[in-house]
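Below you'll find the structure, written out as structure tokens, and then a few comments.
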Amino acid sequence: NIAVGIDIGGTKIAIGLIAQNGEVIAKSSLKTDLSLEPGEMLGQVADVVNKLANEQGLALNQLKGIGVGAPGPLNTKTGRLTCPPNLKSWWDYPVVERLAELLPLPIRMENDATAATLAEKWVGAAQDADHFIFITISTGIGAGIYLHGKLITGSTGNAGDAGFLIVHPQGPIAKDQASGFWELLASGTAIAKQASELLGKEITSKEAFDLAAQGDPVISPLIEKVYTYIGMGCVSLINLLDPSKIVIGGGVSQVGEPLFSAVRSYVAAHALNPSGRETVIVPAKLRQDAGLIGAAALVHCNY
Ligand code: ADP
């Protein structure tokens, strides 16, 4: 009872075989080569799947299916990646159709944050929740919605693309338009950019958090502001969807307690109703291999 997980990203494509209990049995990865035609890149992915199966003494038809996590915006109805910013050469490419030609197995594709949401329900921090939101704060911000025991994917698989919630009336510029998107204010990329501008030298988001922890007078107010923006997004999601839990993952969540306590306080002060104010806010359980386990969850779990 083994599924194939394929996690497509702008820098690498992770490929793994994942058991029914979420254990990664074998894995490998390829550097995403944007100079290659996507079909050719997927040809290499198929070769890796065959190799991994072979090494485990498994024939392809002994595998349960293929789950694909991919960056949005995508269209799960057509099986295409619509316009993910970090995979420009893949725009509108029929990923599912091509994979089906290469590997004769059932295939399911979802937005990567949606897949990671299902993984947190399956073997992560939301196993006990029937209503929760997963948020990943990393290079960008993504989210997934799980309500009434079901993954909410929307009409084209783009539900939960919370990085594009507008949390500021003007906000930083995206694509030459003042947008105020959540991820332009509070993602790892956005934190590094704002901190670097304030200091007049390049620093990473991790370095910005470290400076704030040391009480740096320039960076501390920025990090406070970032926590407020993260809280604002959470409050909007809580008011809209009434989850019992919010699970936060992604590189930035590794800051840990300072971030979680600030977000909990903001939510406690701003959410609509007493139950919303008490929404449980916890770190994601899955870190390494979260993308792969998410992709495999699409095969192993009903949703
Ligand atoms: P990806 O976006 O490729 O999935 P990650 O989830 O690791 O990758 O997120 C990367 C972002 O998280 C970067 O902006 C990085 O600076 C930031 N980040 C990674 N680790 C930490 C940390 N310990 N503290 C703060 N920010 C971090």
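All values derive from a computational prediction rather than experimental measurement. All residue numbers in this chain count up from 1 along the given sequence. What you see below is based on every heavy atom in this structure, not just the backbone, and it leaves out hydrogens, waters and symmetry mates.
Rounded to the nearest 0.5 Å, atoms CD1 (I223) and CG (D210) are 9.5 Å apart. The CD1 atom of I18 lies 10.0 Å from the CD atom of E23; values are rounded to the nearest 0.5 Å. Rounding to the nearest 0.5 angstrom, the gap separating the CG atom in L298 from the OG1 atom in T76 is 10.5 Å. Distance check: Q20 CD to K64 NZ gives 4.0 Å after rounding to the nearest 0.5 Å. Taking CD of Q194 as the start and NZ of K225 as the end, the distance is 5.5 Å to the nearest 0.5 Å. To the nearest 0.5 angstrom, S236 atom OG is 11.5 Å from I133 atom CD1.
Remark: side-chain polar atoms of H300 are not paired, donor with acceptor, to backbone N or O of W122 under 3.5 angstrom. Remark: side-chain polar atoms of K245 are paired, donor with acceptor, to backbone N or O of A125 under 3.5 angstrom. With hydrogens and angles ignored, the 3.5 Å screen pairs a side-chain donor or acceptor of N239 with a backbone N or O of L272. No side-chain donor-acceptor contact under 3.5 Å links S220 to the backbone of P217. Using a distance-only test at 3.5 Å, with no hydrogens or angles considered, a donor-acceptor pair links the side chain of S196 to the main chain of I203. At least one donor-acceptor pair closer than 3.5 Å links the side chain of T189 to the backbone N or O of T139. W91 contributes no side-chain N or O that, together with a main-chain N or O of L81, makes up a donor-acceptor pair within less than 3.5 Å. Remark: the backbone N or O of S275 is not paired with any side-chain donor or acceptor of E278 at under 3.5 angstrom. Within the 3.5 Å criterion, the main-chain N or O of I15 finds no donor-acceptor partner in the side chain of S28. Between the S29 side chain and the I13 main chain, no donor and acceptor come within less than 3.5 Å of each other.
I141 and L184 are assigned to two separate hydrophobic clusters, defined by single-linkage of ILVMFWY side chains at heavy-atom distances under 4.5 Å. In the hydrophobic cluster analysis, where Ile, Leu, Val, Met, Phe, Trp and Tyr join through side-chain heavy atoms closer than 4.5 angstrom, I191 is grouped together with I137. Linking ILVMFWY residues whenever their side-chain heavy atoms come closer than 4.5 Å, directly or via other members, leaves F134 and L240 in distinct clusters. Both V267 and W182 belong to a single network of hydrophobic side chains, linked directly or stepwise wherever heavy atoms of I, L, V, M, F, W or Y lie under 4.5 Å apart. Under a hydrophobic clustering in which Ile, Leu, Val, Met, Phe, Trp and Tyr are joined whenever their side-chain heavy atoms come within less than 4.5 Å, directly or via other members, L259 and I246 fall into the same cluster.
Residues Y93 and L42 are in side-chain contact: their nearest non-hydrogen atoms beyond the backbone lie under 4.5 Å apart. The closest side-chain heavy-atom distance from V255 to F260 is not below 4.5 Å. No side-chain heavy atom of Q214 sits less than 4.5 Å from a side-chain heavy atom of D216. The shortest distance between side-chain heavy atoms of I6 and L99 falls below 4.5 Å. Residues L237 and L165 are in side-chain contact: their nearest non-hydrogen atoms beyond the backbone lie under 4.5 Å apart. Two residues are said to be in side-chain contact when any heavy atoms from C-beta on lie closer than 4.5 Å; N86 and T32 fail this criterion. For the pair I219/E207, no side-chain contact is recorded, criterion being any heavy-atom separation below 4.5 Å from C-beta on. Put simply, the side chain of S265 does not reach to within 4.5 Å of the side chain of Y227, judged on heavy atoms.
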**Request:** Could you walk me through whether D112 and D7 pass the side-chain contact (heavy atoms from CB on, under 4.5 Å) test, one step at a time?
**Result:** CA-CA 7 Å; D112 45 17; D7 181 31; 4.3 Å; yes
**Message:** Does L241 form a side-chain contact (heavy atoms from CB on, under 4.5 Å) with I152? I'd like the steps, not just the answer.
**Reply:** CA-CA 11 Å; L241 300 166; I152 304 299; over 6 Å; no
**Prompt:** Checking side-chain contact (heavy atoms from CB on, under 4.5 Å) for the pair V95/I8: CA distance, chi angles, key distance, verdict?
**Reply:** CA-CA 10 Å; V95 170; I8 300 177; 4.2 Å; yes
**Prompt:** Going through the checks in order, is the side-chain contact (heavy atoms from CB on, under 4.5 Å) test met by N21 and V123?
**Reply:** CA-CA 8 Å; N21 62 0; V123 287; 5.9 Å; no
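Relative ring orientation between Y266 and H270 is described as parallel, the plane-to-plane angle staying below 30° on a 0-90° scale split at 30° and 60°. Note: H148 and H131 have perpendicular aromatic rings, judged against thresholds of 30 and 60 degrees for the angle between ring planes. In this pair, F181 and F164 present their aromatic rings perpendicular. The plane angle is above 60°, beyond the 30 to 60° band.
Among all heavy-atom pairs drawn from K27 and D289, the shortest one is NZ-OD1, 2.9 Å. Here the closest heavy-atom approach between residue L74 and residue M109 is recorded as CD2-CE, 4.3 Å. Between Q56 and A26, the closest heavy-atom pair is NE2-CB, 3.7 Å. Between C234 and I248 the shortest heavy-atom distance is SG-CD1, 4.5 Å. The two residues K285 and E120 come nearest to each other via the heavy atoms N-OE1, 3.1 Å. Here the shortest heavy-atom pairing between G180 and L185 reads O-CD1, 3.8 Å.
Under a cut-off of 6.0 angstrom, the local environment of CD in Q288 is sparse, with at most 12 non-hydrogen atoms contributed by other residues, nucleotides or ligands. By the neighbour-count criterion of 12 heavy atoms within 6.0 Å, atom NZ of K193 is sparsely surrounded, having that number or fewer from other residues, nucleotides or ligands. For CG of D128, the number of neighbouring non-hydrogen atoms (other residues, nucleotides, ligands) closer than 6.0 Å is greater than 12. Counting non-hydrogen atoms of neighbouring residues, nucleotides and ligands closer than 6.0 angstrom, the CD atom of Q44 exceeds 12 such neighbours.
With sequence neighbours left out, Q62 forms a side chain to side chain donor-acceptor pair (under 3.5 Å) with no residue at all.
Under the 4.0 Å criterion applied to side-chain N and carboxylate O atoms, D47 and K51 are not assigned as salt-bridge partners.
There is a side-chain donor-acceptor pair under 3.5 Å between E110 and Y303.
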